[in-house]
Amino acid sequence: MQSSPAMNDVKNSLAVFEELKNSAGFFDTYAAQLVSARKFEKVVGELDSLAPIKVAVVGNATTDQICSLLRFWLGLSGFRADIRQSPFGTLEQSIFDPTSDIYANDPDIIWIFTNHRDVPFEAIECEAEADYDDKLENAIERFEGLWANVRKNCAAQIIQNNVDLPLERVMGNFDGSSRFGRLTFLRDMNAQLSRRASSGVSIFDLDHISNVFGKANWCEERYWHHAKIPFSLDAHGYVAHAVARLIAAIKGRSRKCVVLDLDNTLWGGVIGDDGLDGIKLGDGPAGEAFVSFQKYLKALSKRGVLLAVCSKNEFENAEEVFLKHPAMVLRKDDIAVFVANWQNKADNIRIIAERLKLGLDAFVFVDDNPAERDLVRQELPMVEVPELPENPELYLRTLDQSKYFEIANFSREDQLRTDMYRNNSRREEERLVHTDLDNFLRSLNMSGSIGHVTENNLSRASQLINKSNQFHLTTTRYPEAKICAMLESDEFICRSVRLKDKFGDNGLISVFILRRETETEMTIDTWVMSCRVLSRGVEDFICNEMITLAKSSGCKKLVGKYIATPKNKLVEPLYDRLNFDLKSKSGQDSTWSINLEQSRDEQENFIKKVSEIEYDQF
Amino acid sequence: MTLDRNTLSNRLQEVFKRVFDDPDMTISDEMTAADHSEWDSLMHIGLMASVETEFSISFSAGEIAHLASVGELIDLIEERSKASGA
């Protein structure tokens, strides 16, 4: 069979894209990254899998260089970016003017691209300590004013650079050692920016980025004088990469799970050959590197990144290290799915993804063996596979610098995630014991509460709406600012759902937003649920609540829409199963409704409805 | 070892080909930015950065701004490479 020329183009483009993913380094020189970016621009048209995103970059400095590399690094992070820039030197004007070009395409992200030169030197010459607080307050209020104006003019998420501390110190050491020196001021400013950034504003830690790059190389006056380029050309790729990862996090595309090899990755040597006493772990320099790496991984898991093991080993040998080796930092409880067998790793990663109910694009695969890395890259291009250096001392830094697991906000659910997933696999075991599904669900002793979306759970609610893909009927994405506006509007009813069972608290697992279309018609604008609680009747439980809410608002009709995406096939049959009537179908999208004037049976489920207070008490 | 002008010019041509993404591009001493439609101020910065990387040298802000022709660029690379002992 012959493939058409067009198909070959697509194939070649994909190959070029994969090659760029593996070869491009964020520390490569500007010259090298320009070449990579050019290659990317040639094939981007054929890359259907990239998600569109609109970004506006606003600053007083020159932004052309950062934008060309930002489009490239957003591409490698899964986006096709439409990027607009403010004209040179028009930070304030562009933001204050509602008709400015940066708002013209209704951007998803506005990046306020400032640097230390945007804090005028005079603002910092505090003659007396008394001026200091006022000047600091003024400097912060200037940024808050920018944010408020962006908010007024569009619904974009804001990314705000903090101050890259300058190299030169007029007062020498005193600049940073005195209570009112220039460096003290700028450091205070950075701390205040982080404290005062409201939801809807993400601070981009430019100072950290400049430190990692190396301040002496970062400060490149030549190109500032030549073309108002704010820092070294060679640092532009590193900045673009870091901000692309932050944008990915804001759009819910950070990685969620790291799949770990064992031999020579979590410890030195081969457990099957060297035995429990022979592997390098703990004592001595060779073993300590692995302990550090494990500590880092453990910390990752505590903040909500799932760990899985995928090792070519006899299961008992692999498990024994976790159970018996005194220097192991990671324990079985830290691992959400543990796979040790002789199957190929690509298949095993597919199995891990299924068990965790996560898409393959949520995974990072860490393995010291280049052949395994290659196999996984070829078989599963959606999985990120960092090139590990030879030295185990550098594993930690390699993974850390890749910034796969950036987050834009943090919730209690993130901390509990590993527990929840492990509990899930215990529930799965329980399910095998109960042959009858109803009996199983009854035995779970589930109770659910339905409450308002409030300031306390807003970040989790927003996370669900913006990160979930599978159980998301309309895949609406709303910035927190927009959700806040909905909470205050009479047009919308927003609710959050929590679920508990005998194994523990699942936390906030679903959010829905009803929209009053007319006096008599209520539409389900957004309905999103965590896949952890699939097949447990939660949909039925929530459906009953939606009907009650719609009826009590005097509506006669409840309308649900399914808008198909490559990722939400799971819920295509949902409204049918919940006994909605099909109203119309266009392509794979469909519209469903319930006539609320007709009597109907409640959707059967085994979840006891409790009030918010009861939920928190028992 | 100092680079003879011919070798240097050939290496520079390779840089131009890469930056302008044009495998057939040829350069000459008389060539200026006006001779190539894509050679704008943005491209100029990419070009200068690539030349600096290729020859491990560094230009000043004034030099970057005031280079008039490829010939002058070659002179400058020659001078800088000698100075740095390349």
Side-chain angles (χ1 to χ4, degrees), chain A residues 16 20 23-25 27-44 57 59 61-72 83-85 87-89 117 213 216-240, chain B residues 3 8-25 27 32-34 36-70 72-77 79-81 83-84 86:
Chain A
V16 170
L20 281 171
S23 64
F27 280 137
D28 291 350
T29 61
Y30 178 68
Q33 296 204 31
L34 273 187
V35 173
S36 301
R38 172 107 23 80
K39 284 188 193 150
F40 169 75
E41 291 300 337
K42 280 192 180 160
V43 299
V44 61
V57 184
T62 300
T63 49
D64 300 276
Q65 286 75 21
I66 200 71
C67 287
S68 56
L69 295 187
L70 178 60
R71 210 172 117 80
F72 170 62
I83 301 181
R84 293 187 178 221
Q85 316 171 47
F88 169 76
R117 295 185 187 84
F213 187 79
N217 294 322
W218 172 266
C219 297
E220 241 273 30
E221 304 301 330
R222 299 183 301 149
Y223 283 105
W224 173 253
H225 298 312
H226 174 66
K228 297 294 168 279
I229 296 171
F231 42 79
S232 160
L233 278 177
D234 284 341
H236 276 65
Y238 186 55
V239 173
Chain B
L3 294 166
L8 197 152
S9 174
N10 285 339
R11 261 173 79 186
L12 185 62
Q13 181 159 293
E14 292 307 307
V15 175
F16 270 75
K17 284 180 183 174
R18 213 164 47 230
V19 172
F20 289 94
D21 196 29
D22 177 0
D24 302 322
M25 191 167 184
I27 57 171
T32 70
H36 200 288
S37 61
E38 281 184 58
W39 193 345
D40 57 10
S41 60
L42 188 56
M43 200 58 129
H44 187 64
I45 288 168
L47 178 65
M48 288 301 123
S50 303
V51 172
E52 288 184 333
T53 306
E54 171 70 23
F55 295 97
S56 309
I57 53 176
S58 167
F59 303 129
S60 75
E63 286 163 348
I64 293 164
H66 296 122
L67 272 175
S69 66
V70 170
E72 271 186 35
L73 176 58
I74 295 174
D75 292 342
L76 192 60
I77 298 170
E79 181 193 318
R80 214 38 59 82
S81 313
S84 66

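What you see is a predicted model, and the numbers here were worked out from it, not measured in a lab. Only heavy atoms go into these numbers, but all of them, side chains included; no hydrogens, no water, no symmetry mates. Naming: A, B, ... by sequence-line order, numbering from 1 per chain.
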Asker: Work out which heavy atom in B:Gly46 is nearest to a heavy atom in A:Leu34; give both atom names and the distance.
Answerer: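 Closest pair (atom of B:Gly46, atom of A:Leu34, distance): CA-CD1, 3.5 Å.
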Asker: Please flag which part of B:Ser41 lies under 4.5 Å from any non-hydrogen atom of chain A: side chain, backbone, both or neither.
Answerer: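 For B:Ser41, there is no contact with chain A at all, as no heavy atom is under 4.5 Å.
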Asker: When rounded to the nearest 0.5 angstrom, what distance separates CG in A:Leu233 from CD1 in B:Ile45?
Answerer: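 Here the interatomic distance stands at 6.5 Å.
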Asker: Would you say that more than 12 heavy atoms from the other residues, nucleotides or ligands in this model lie under 6.0 Å from the NZ of A:Lys228, or not?
Answerer: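 Yes, the 6.0 Å shell around NZ holds more than 12 heavy atoms from other groups.
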Asker: With a 4.5 angstrom heavy-atom cut-off, could you sort out which part of A:Lys42 is near chain B: side chain, backbone, both or neither?
Answerer: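 Answer is side chain: those atoms of A:Lys42 sit under 4.5 Å from chain B.
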Asker: Go through the atoms of B:Leu47 and report whether side chain, backbone, both or neither lie under 4.5 Å from a heavy atom of chain A.
Answerer: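 For B:Leu47, there is no contact with chain A at all, as no heavy atom is under 4.5 Å.
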Asker: Checking A:Arg38 side chain against B:Val19 main chain: does a donor-acceptor pair fall under 3.5 Å?
Answerer: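 At least one qualifying donor-acceptor pair exists.
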Asker: Using modelled atom types and a 3.5 Å cut-off, is there a donor and acceptor pairing between side-chain atoms of A:Arg222 and backbone atoms of B:Phe59?
Answerer: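 Confirmed, A:Arg222 side chain pairs with B:Phe59 backbone.
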Asker: Of the non-hydrogen atoms in B:Ala49 and A:Tyr223, which two are nearest, and what is the gap between them?
Answerer: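 Scanning both residues completely, I find the closest heavy atoms to be N-OH, 3.9 Å.
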Asker: Non-hydrogen atoms of chain A under 4.5 Å away: do they reach the side chain of B:Ser60, the backbone, both or neither?
Answerer: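 Contact with chain A is through the backbone of B:Ser60 alone.
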Asker: Given that the side chain runs from C-beta out, which part of B:Glu52 has a heavy atom under 4.5 Å from chain A: side chain, backbone, both or neither?
Answerer: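 Just the side chain, heavy atoms under 4.5 Å.
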